[in-house]
Engineer: 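After the structure tokens below, expect a handful of questions from me.
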Amino acid sequence: MAVLFTMGGLLLGVLAWADIQTKRVPLVLVGVLAAVMLGMRIVSFNMDTGAAIWFAELSIGLLPGGVSLFCSYITKGQLGIGDGLVLAALGLGLEFHNVMLLWTMAFCMAAVLAMFLLIFKKAGKKTEIPFVPCLFLGYILCRIIGI
């Protein structure tokens with residue numbers, strides 16, 4: 001299980017770097033991340049709870065990514081589709097409350113970064129901030145604090 005968490009973190013780090021460099025998220029790597037996260041979910045399958053509950057938990061974990069994709073559609077891409085896909089991939093392996101914590105941490109980090117850039121006049125109101133690096137830092141923080 002720890003190996004899969006580490007692989008997920010490494011893939012998320014590569015995705016974060018790609019998002020910073022190109023403002024794009026490679027879909028192939030998002031697919032690999034989704035496979036690793038699904039592997040984490042499969043490894044943690046508990047026979048006592050049954051397949052129906054396992055599938056329900058898996059589906060609920062996808063909700064933040066789905067909401068993010070919906071927000072991307074409504075805002076005409078202000079929040080990138082790739083960000084929503086990465087969040088959905090993370091939802092395949094993490095429980096709903098952990099995905100929500102990760103999403104909240106990432107939004108807070110993005111807000112602090114945006115304030116810093118605006119205060120020091122390094123960016124304007126229309127400057128795009130890559131979100132996957134914030135998800136990556138949130139993932140690392142969650143692992144450090146044991147979530």
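On a predicted model such as this, the values are computed, not experimentally measured, just so you know.
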Engineer: How close do S68 and L87 get, counting heavy atoms only, and between which atoms?
Structural biologist: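 The answer is CB-CD2, 4.1 Å.
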
Engineer: Would you call I140 and I144 a side-chain contact if the rule is heavy atoms closer than 4.5 Å?
Structural biologist: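 The answer is yes, as the side chains (C-beta and beyond) meet within the 4.5 Å cut-off.
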
Engineer: Let me check something: do F55 and V43 share a hydrophobic cluster, defined by ILVMFWY side-chain heavy atoms less than 4.5 Å apart, either directly or through other members?
Structural biologist: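 Same cluster.
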
Engineer: Within the structure provided, determine whether L63 and F96 are in side-chain contact (heavy-atom separation under 4.5 Å).
Structural biologist: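 Answer yes - side chains close enough.
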
Engineer: At their closest point, which heavy atom of M105 faces which heavy atom of L141, and how far apart are they?
Structural biologist: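 Result for this residue pair: CE-CB, 3.4 Å.
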
Engineer: Shared ILVMFWY cluster between V86 and V28, side chains joined below 4.5 angstrom?
Structural biologist: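 V86 does not cluster with V28.
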
Engineer: Check the surroundings of atom CD in Q21: do more than 12 heavy atoms from other residues, nucleotides or ligands lie under 6.0 Å from it?
Structural biologist: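 Yes, because the 6.0 Å sphere around CD of Q21 holds more than 12 heavy atoms from other groups.
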
Engineer: Rounded to the nearest 0.5 Å, what's the gap from CE on M40 to CG on L4? Could you check?
Structural biologist: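 Interatomic distance, M40 CE to L4 CG, rounded to 0.5 Å: 7.0 Å.
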
Engineer: So which atom in A88 and which in L62 form the shortest heavy-atom distance, rounded to 0.1 Å?
Structural biologist: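 So the two residues come closest at O-CD2, 3.2 Å.
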
Engineer: What closest approach, in Å, do R41 and W54 show between heavy atoms, and which atom pair accounts for it?
Structural biologist: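 Residues R41 and W54, closest heavy atoms: O-NE1, 3.1 Å.
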
Engineer: Report yes if the side chains of V67 and W103 come closer than 4.5 Å at any heavy-atom pair, otherwise no.
Structural biologist: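 Side chain of V67 against side chain of W103, heavy atoms only: contact under 4.5 Å found.
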
Engineer: Surrounding CZ of R143 (heavy atoms of other residues, nucleotides or ligands, distance under 6.0 Å), is the total greater than 12?
Structural biologist: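 Yes, CZ of R143 has more than 12 neighbouring heavy atoms, counting only those of other groups under 6.0 Å.
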
Engineer: Rounded to the nearest 0.5 Å, how far apart are CD1 of I53 and CD1 of I60?
Structural biologist: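 Interatomic distance, I53 CD1 to I60 CD1, rounded to 0.5 Å: 10.5 Å.
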
Engineer: Determine, using the 4.5 Å side-chain heavy-atom cutoff (strictly less than), whether L90 and W17 are members of one ILVMFWY cluster.
Structural biologist: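 Unlinked, L90 and W17 end up in two clusters.
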
Engineer: Under 3.5 Å, side chain of D19 to main-chain N/O of V132, donor-acceptor pair present?
Structural biologist: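 Flag set: sc D19 to bb V132 pair under 3.5 Å.
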
Engineer: When rounded to the nearest 0.5 angstrom, what distance separates CG in L29 from CG in L85?
Structural biologist: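 Atom-to-atom, L29:CG and L85:CG are 12.5 Å apart.
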
Engineer: For residues L102 and L135, report the shortest heavy-atom separation together with the two atoms involved.
Structural biologist: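 Heavy-atom minimum between the residues: CD1-O, 3.4 Å.
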
Engineer: Using 0.5 Å steps for rounding, measure from the NE2 atom of H97 to the CG atom of L101.
Structural biologist: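 It is 8.5 Å, given to the nearest 0.5 Å.
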
Engineer: Measure the spacing between CG of L113 and CD1 of I129 and express it to the nearest 0.5 Å.
Structural biologist: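 Reported value, rounded in 0.5 Å steps: 4.5 Å.
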
Engineer: Do L10 and V3 share a hydrophobic cluster (ILVMFWY, side-chain heavy atoms under 4.5 Å, transitive)?
Structural biologist: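 L10 does not cluster with V3.
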
Engineer: Within the structure provided, determine whether N98 and C142 are in side-chain contact (heavy-atom separation under 4.5 Å).
Structural biologist: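 Result no, sub-4.5 Å side-chain heavy-atom pair not found.
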
Engineer: If you round to the nearest 0.5 Å, how far is CZ of F5 from CE of M37?
Structural biologist: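 One finds 7.0 Å between CE of M37 and CZ of F5.
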
Engineer: Has I81 got more than 12 heavy atoms of other residues, nucleotides or ligands less than 6.0 Å from its CD1?
Structural biologist: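 12 or below, so no.
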
Engineer: For residues L118 and F131: do they belong to one hydrophobic cluster (side chain heavy atoms under 4.5 Å, members Ile, Leu, Val, Met, Phe, Trp, Tyr)?
Structural biologist: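 Different clusters: L118 never reaches F131 through Ile, Leu, Val, Met, Phe, Trp or Tyr contacts under 4.5 Å.
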
Engineer: Heavy atoms only: give me the nearest L92-L58 pair and the separation to one decimal.
Structural biologist: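 Smallest heavy-atom distance, with atoms named: O-CD1, 3.4 Å.
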
